[in-house]
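Notes for the one structure printed next.
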Amino acid sequence: MIRRRQWVTAMARILAFETGAPTDDDAASLFELVTERFRNEAFSLLSECRAYLEEADLPRIGDATDDQLLASREAHRVAVRLKDLMTRTLSLHAWSCGKISTNEAFGQHQRLQFRDYCLESAEPSAPGLPERMLHLCEDSLALYERTCNLEDTLLDLHGLSKKDQTEAA
């Protein structure tokens, strides 16, 4: 079984290809910076989403137009993405700091849980979708995709394939 330090180093080497991190000592720091950046971005999106929903003109049950239903559905998708992202980025951070074991960090309950739903998105030019909601949808989807790629890479380094992920669900 591959050790946590080896995972961090291997993952950081992959990331270093784009960032130019020169040594293994920089590799662990780079991995921690990436997970911290993802976590902070998720926190920021969560704040934006909450502010948007507090200001949004939400219809009463039964009075919603198609545009309002679309916005409501996409708001739900953003909220699910952010919940999934927070869980995943916090567990990766705890693992990289040595606070939880590899088994805990990569167990089925810590992985991204709602990939199929969260990777769907409204059409970029969906009529009736407020610009601010469209921005939240795009940003949360981009972060979710990056986190999926990170998780897939780490699972591959551990010897788990997507098939193993699906069977474990």
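Note that the structure is predicted; figures quoted are calculated from it, not measured.
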| Just wondering, more than 12 heavy atoms not from E55 lying within 6.0 Å of its CD? |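 Yes.
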| message | With heavy-atom distances below 4.5 Å as the criterion, would you say the side chains of C118 and L112 are in contact? | response |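 Not in contact.
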| request: Mind listing the closest non-hydrogen atom pair of I100 and S91 along with its distance? | output: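 What the structure gives for the nearest pair is CD1-O, 3.5 Å.
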| task | Considering non-hydrogen atoms only, spot the tightest contact between L92 and F106 and give its length. | result |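 Scanning both residues, the minimum pair turns out to be CD2-CZ, 3.9 Å.
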| message | Between Q110 and Q108 (side chain of the first, backbone of the second, donor and acceptor by atom type, cut-off under 3.5 Å), is there such a pair? | response |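 No.
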Side-chain heavy atoms nearer than 4.5 Å, only ILVMFWY residues, links allowed to pass through others: does that put [X] and [Y] together?
X: F38; Y: L155; answer: yes
X: L82; Y: L134; answer: yes
X: L85; Y: L90; answer: no
X: L45; Y: V80; answer: no

| task | Would you please test R77 and E120 for salt bridge (charged side-chain N to carboxylate O under 4.0 Å, His left out) and show each step? | result | CA-CA 9 Å; R77 193 181 319 275; E120 291 179 18; 3.3 Å; yes
Kindly list each side-chain donor-acceptor pair under 3.5 angstrom involving residues 139-148, sequence neighbours excluded, with atom names and distances?
unit_1	atom_1	unit_2	atom_2	d
D139	OD2	H135	ND1	3.3
D139	OD2	H135	NE2	2.8
S140	OG	R81	NH1	2.9
S140	OG	L136	O	2.9
S140	OG	C137	O	3.2
Y144	OH	D84	OD2	2.6
R146	NH2	E41	OE1	2.6
R146	NH2	E41	OE2	3.0
T147	OG1	L143	O	2.9

Output all residues satisfying side-chain contact (heavy atoms from CB on, under 4.5 Å) with [X], sequence neighbours left out; order by chain, then residue number.
X: R50; result: E54
X: S44; result: E48
X: S72; result: none

| query | Mind checking what makes side-chain hydrogen bond (donor to acceptor under 3.5 Å, both in side chains) contact with E104, not counting sequence neighbours? | reply |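 Testing E104 for side-chain hydrogen bond (donor to acceptor under 3.5 Å, both in side chains), a comparison that skips the adjacent residues, returns S101.
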| All ring-ring contact (aromatic ring centres under 6.0 Å, His included) counterparts of Y117, not counting sequence neighbours |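 Checked Y117 against ring-ring contact (aromatic ring centres under 6.0 Å, His included); matches are H76.
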| field | Positive for side-chain hydrogen bond (donor to acceptor under 3.5 Å, both in side chains) with H93, one of R39, K99, R88 | value |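 Output: one option passes, namely R39.
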| request: Report the distance from atom CE of M86 to atom CZ of F43, rounding to the nearest 0.5 Å. | output: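 If we round to the nearest 0.5 Å, M86:CE and F43:CZ are 3.0 Å apart.
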